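Predicted, not measured: the structure shown is a model, and the values here were computed from it.
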Amino acid sequence: MSQAARCRFSLALDDFGTAHASIATILDAPISVLKIDRIFVPEIDRDSWLQCITLPIIAMAQQLGLEPLAERVEGAEEIAFLERLGCHKFQGFHIAAPMPAPQVCTWLSLRHAPEACTG
């Protein structure tokens, strides 16, 4: 099997809810992940305004068959709250600091996900 045939990937719409990442973009691109913009996530567990904005975004993503992913997750409380809303994918310093590509497999292996680094 060629390397090209082994490659699997999905597209994520970044910064949803701000700038050019709008509902219209979902209709125009074959995306599978909807990334909730970082401005909606910090302190979501304590901010009712952020909750009112984020809950419909998560619900819409699920209704469209997309995976919601929350950016800028910086605490366990935010993760717990987002999981209750139906968001189970996260990105941010609570998960890991940005790192060079060669370090990703080591990081994954330490977290019991070595299959992510097999070819």
Side-chain angles (χ1 to χ4, degrees):
M1 180 182 299
S2 72
Q3 184 166 344
R6 285 189 307 215
C7 291
R8 290 182 284 154
F9 62 91
S10 59
L11 295 177
L13 177 59
D14 200 18
D15 301 331
F16 185 77
T18 63
H20 297 288
S22 67
I23 293 172
T25 307
I26 296 171
L27 302 173
D28 295 335
I31 64 168
S32 57
V33 178
L34 188 68
K35 294 175 71 176
I36 302 164
D37 190 74
R38 63 187 181 186
I39 66 169
F40 302 122
V41 176
E43 300 183 7
I44 190 168
D45 55 309
R46 298 181 299 256
D47 188 323
S48 62
W49 184 85
L50 292 174
Q51 295 166 15
C52 288
I53 297 294
T54 306
L55 179 58
I57 293 173
I58 292 170
M60 181 185 64
Q62 293 168 333
Q63 288 293 313
L64 293 171
L66 306 174
E67 293 182 81
L69 180 148
E71 298 179 330
R72 197 176 170 193
V73 174
E74 297 180 358
E77 299 84 8
E78 294 166 356
I79 287 177
F81 190 86
L82 286 159
E83 284 181 327
R84 285 195 302 275
L85 295 181
C87 181
H88 304 287
K89 292 194 180 265
F90 313 101
Q91 172 183 326
F93 280 97
H94 186 73
I95 309 302
M99 65 187 79
Q103 292 178 6
V104 172
C105 282
T106 302
W107 183 87
L108 287 170
S109 295
L110 293 172
R111 278 142 193 88
H112 309 289
E115 68 279 0
C117 294
T118 60

Could you name each residue pair satisfying side chain to side chain donor-acceptor pair (under 3.5 Å) that touches residues 53-65, not counting sequence neighbours?
none
I need the full list of side chain to side chain donor-acceptor pair (under 3.5 Å) pairs touching residues 85-96, with sequence neighbours left out, sorted by first then second residue.
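Listed by first then second residue: K35-Q91, E67-K89.
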What's the separation between atom [atom1] in [X] and atom [atom2] in [Y], rounded to the nearest 0.5 Å?
| X | Y | atom1 | atom2 | value |
| --- | --- | --- | --- | --- |
| L82 | I36 | CG | CD1 | 6.5 Å |
| L66 | I31 | CG | CD1 | 5.0 Å |
| I53 | I44 | CD1 | CD1 | 10.0 Å |
| L69 | S32 | CG | OG | 10.5 Å |

Side chain to side chain contact (heavy atoms under 4.5 Å, CB included) for T106 and M99? Distances and angles first, verdict last.
CA-CA 11 Å; T106 302; M99 65 187 79; over 6 Å; no
Residues 43-54 vs salt bridge (charged side-chain N to carboxylate O under 4.0 Å, His left out), sequence neighbours excluded, gives E43-R46
ILVMFWY cluster, F93 and I95 together (side-chain gap under 4.5 Å)
no
E77 meets the side chain to side chain donor-acceptor pair (under 3.5 Å) criterion, sequence neighbours left out, with none
Among all residues two or more places apart in sequence or in another chain, which pass the side chain to side chain donor-acceptor pair (under 3.5 Å) test with E74?
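Scan of E74 (side chain to side chain donor-acceptor pair (under 3.5 Å), adjacent residues dropped) gives R72.
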Smallest separation among heavy atoms of A70 and C87, with atom names:
N-SG, 3.7 Å
Taking all non-hydrogen atoms of both residues, which atom of L50 and which atom of I39 are closest, and how far apart?
CD2-O, 3.6 Å
Apply salt bridge (Lys or Arg N to Asp or Glu O under 4.0 Å) to E83 and list each qualifying residue two or more places apart in sequence or on a separate chain.
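Salt bridge (Lys or Arg N to Asp or Glu O under 4.0 Å) list for E83, sorted by chain: empty.
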